[in-house]
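Some notes on the structure that comes next.
Index from 1, following the sequence. The figures here come from the full heavy-atom set of this structure, side chains too, leaving out hydrogens, waters and symmetry mates.
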Amino acid sequence: MSSSAESSVEFNPRVTPRLLPALGGVFRLTWAQQMLPRNIIMAVLVVAGFSAVGYLMGKSGSTGFINWIDRMLLLICVPIFAFETGARAIREDLKPGAVDYVITRSLPRWAYPLFKYISQWVVLALLGTATLGVLLLIGRFLDIEVGSVFVRTGVLLAGLSAFQALGFFLGCLTSRYLLLGLLYAGVVEAAVGAVPVQLNNLSILRHLMIALDGYNPAAELGLVILIALGLLAAATGWFVRLEFIGKKSDEA
């Protein structure tokens with residue numbers, strides 16, 4: 001009996017996952033999913049649209065131009081887009097056809113959502129920084145003083161990180177993540193975030209607005225990153241506990 005067990009161990013070695021190549025594989029898969037012709041065209045149109053409206057705002061005055069960057073891009077569009085694409089990305093991988101592929105890889109369960117988050121973040125960060133960069137160039141062309149480029153870039157990346165992590169978490173919880181997202185926006189961001197008590201530290205947008213106003217931006221953006229890490233940890237923990245059913249065979 002002992003000899004049989006030893007033989008089994010000898011001829012059936014455990015597969016050790018290689019995390020770095022796995023990260024590269026998830027990134028290539030995510031990149032291929034996002035870099036479809038229709039997505040590229042849509043991204044170009046988004047950047048062009050933001051740039052055109054920003055230029056018109058800049059021609060009418062510096063206040064409208066700065067508000068277009070800070071309020072519309074950094075505090076509205078980036079959070080909504082990051083949340084929706086993050087939730088949709090992880091939810092697509094939980095569908096029966098996709099989850100069969102995910103759970104059969106020689107990869108720890110915790111690693112997949114983490115690698116997916118990193119891959120999705122890189123794609124969105126490129127689009128976000130490209131849009132912000134074009135707007136800042138327009139501001140320079142129009143001789144508009146927009147303030148610290150580093151602060152606005154930090155706000156963009158920190159906000160992207162937190163709201164994508166929120167999307168990942170709610171996407172792991174349910175397919176009705178949009179409803180939960182609206183509930184979060186109404187309760188945490190709109191209601192709690194406006195109350196002058198310690199509880200308003202839960203509001204991501206509040207920290208981003210304080211950073212944009214120039215009040216200790218490093219500390220505020222650091223808190224946003226901590227919130228992002230907490231949400232990502234929660235999403236990963238929930239993903240690990242999920243029971244995957246998989247796709248029914250054609251013979252069933």
Side-chain angles (χ1 to χ4, degrees), residues 23 26-27 29-36 39 42-43 46 71-96 98-99 102 109-132 154-193 201-209 211 221 223-242 244:
L23 173 59
V26 174
F27 179 81
L29 180 62
T30 302
W31 185 265
Q33 291 172 337
Q34 297 298 326
M35 292 298 108
L36 297 174
N39 291 343
M42 182 60 66
V46 168
R71 307 301 172 185
M72 182 56 67
L73 176 63
L74 300 180
L75 298 180
I76 295 179
C77 290
V78 167
I80 292 175
F81 191 67
F83 170 81
E84 196 277 331
T85 53
R88 177 159 43 86
I90 196 66
R91 201 68 212 172
E92 287 292 323
D93 290 340
L94 292 177
K95 289 182 177 179
V99 78
V102 172
R109 182 78 70 84
W110 59 265
Y112 185 80
L114 178 61
F115 291 172
K116 185 70 174 181
Y117 176 89
I118 294 172
S119 303
Q120 188 75 21
W121 186 92
V122 171
V123 174
L124 296 183
L126 289 174
L127 178 59
T129 52
T131 305
L132 178 61
V155 168
L156 185 147
L157 296 179
L160 170 62
S161 303
F163 282 100
Q164 181 181 298
L166 177 64
F168 261 58
F169 177 54
L170 298 186
C172 285
L173 289 180
T174 176
S175 60
R176 301 179 182 273
Y177 55 84
L178 288 178
L179 293 177
L180 288 182
L182 290 173
L183 181 63
Y184 166 85
V187 174
V188 177
E189 295 296 346
V192 175
N201 285 323
L202 296 174
S203 171
I204 300 170
L205 290 179
R206 176 179 176 274
H207 294 297
L208 297 179
M209 286 188 289
L221 295 181
L223 287 173
V224 173
I225 294 300
L226 288 178
I227 293 173
L229 292 175
L231 289 169
L232 181 58
T236 302
W238 192 270
F239 188 92
V240 169
R241 293 175 174 273
L242 284 175
F244 295 131

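- Note: Leu170 CG to Tyr184 OH = 9.5 Å, rounded to the nearest 0.5 Å.
- Considering all non-hydrogen atoms of both residues, Ala165 and Ala228 come closest at CB-O, 3.5 Å.
- Counting only heavy atoms from C-beta outward, the side chains of Ile204 and Pro79 never approach each other to under 4.5 Å.
- Residues forming a side chain to side chain donor-acceptor pair (under 3.5 Å) with Arg71 (at least two apart in sequence, or on another chain): none.
- Put simply, OG1 on Thr131 and CG on Leu156 are 8.0 Å apart, with the number rounded to the nearest 0.5 Å.
- For the side chain to side chain donor-acceptor pair (under 3.5 Å) test, residues two or more places apart in sequence or in another chain that qualify with Ser161 are Trp121.
- Note: Ile80 CD1 to Thr85 OG1 = 11.5 Å, rounded to the nearest 0.5 Å.
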How far apart are the C-alpha atoms of Leu208 and Leu74, what are their side-chain angles, what is the distance that settles it, and do they pass the side-chain contact (heavy atoms from CB on, under 4.5 Å) test?
CA-CA 9 Å; Leu208 297 179; Leu74 300 180; over 6 Å; no
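- Interatomic distance, CG of Leu127 versus CG of Leu132, reported as 11.5 Å (0.5 Å rounding).
- Remark: Phe81 CZ is loosely packed, at most 12 non-hydrogen atoms of other residues, nucleotides or ligands lying under 6.0 Å away.
- Scored by the side-chain contact (heavy atoms from CB on, under 4.5 Å) test, Trp238 finds Cys172, Leu173, Leu242 as partners (sequence neighbours excluded).
- Of all heavy-atom pairs spanning Ala82 and Leu160, the tightest one is CB-CD1, 3.5 Å.
- Between Phe115 and Trp110, the ring planes lie perpendicular to each other; the angle is over 60°, past the 30° to 60° tilted range.
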Taking distance alone, no hydrogens or angles, what donor-acceptor pairs closer than 3.5 Å link side-chain atoms of residues 174-183 to residues at least two apart or in another chain?
from   : atom 1 : to     : atom 2 : distance (Å)
Thr174 : OG1    : Arg176 : N      : 3.0

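- Atoms CG and CZ, from Leu75 and Arg206 in turn, are 13.5 Å apart once rounded to the nearest 0.5 Å.
- For the pairing with His207, the side chain to side chain contact (heavy atoms under 4.5 Å, CB included) check across Ile227, Leu226, Ile225, Leu221 returns one residue only, Ile227.
- Remark: Phe168 engages Tyr117 in a ring pair (Phe, Tyr, Trp, His ring centres under 6.0 Å) (not counting sequence neighbours).
- When all heavy atoms of Gln120 and Ala89 are compared, the closest pair comes out as OE1-CB, 3.8 Å.
- Residue pairs meeting the salt bridge (charged side-chain N to carboxylate O under 4.0 Å, His left out) criterion with at least one member in residues 75-88, sequence neighbours excluded, are Glu84-Arg88.
- Scanning both residues, Val224 and Ala162, for their nearest heavy atoms gives CG1-CB, 3.7 Å.
- In terms of heavy-atom proximity, Ala125 sits nearest to Thr129 at O-OG1, 2.6 Å.
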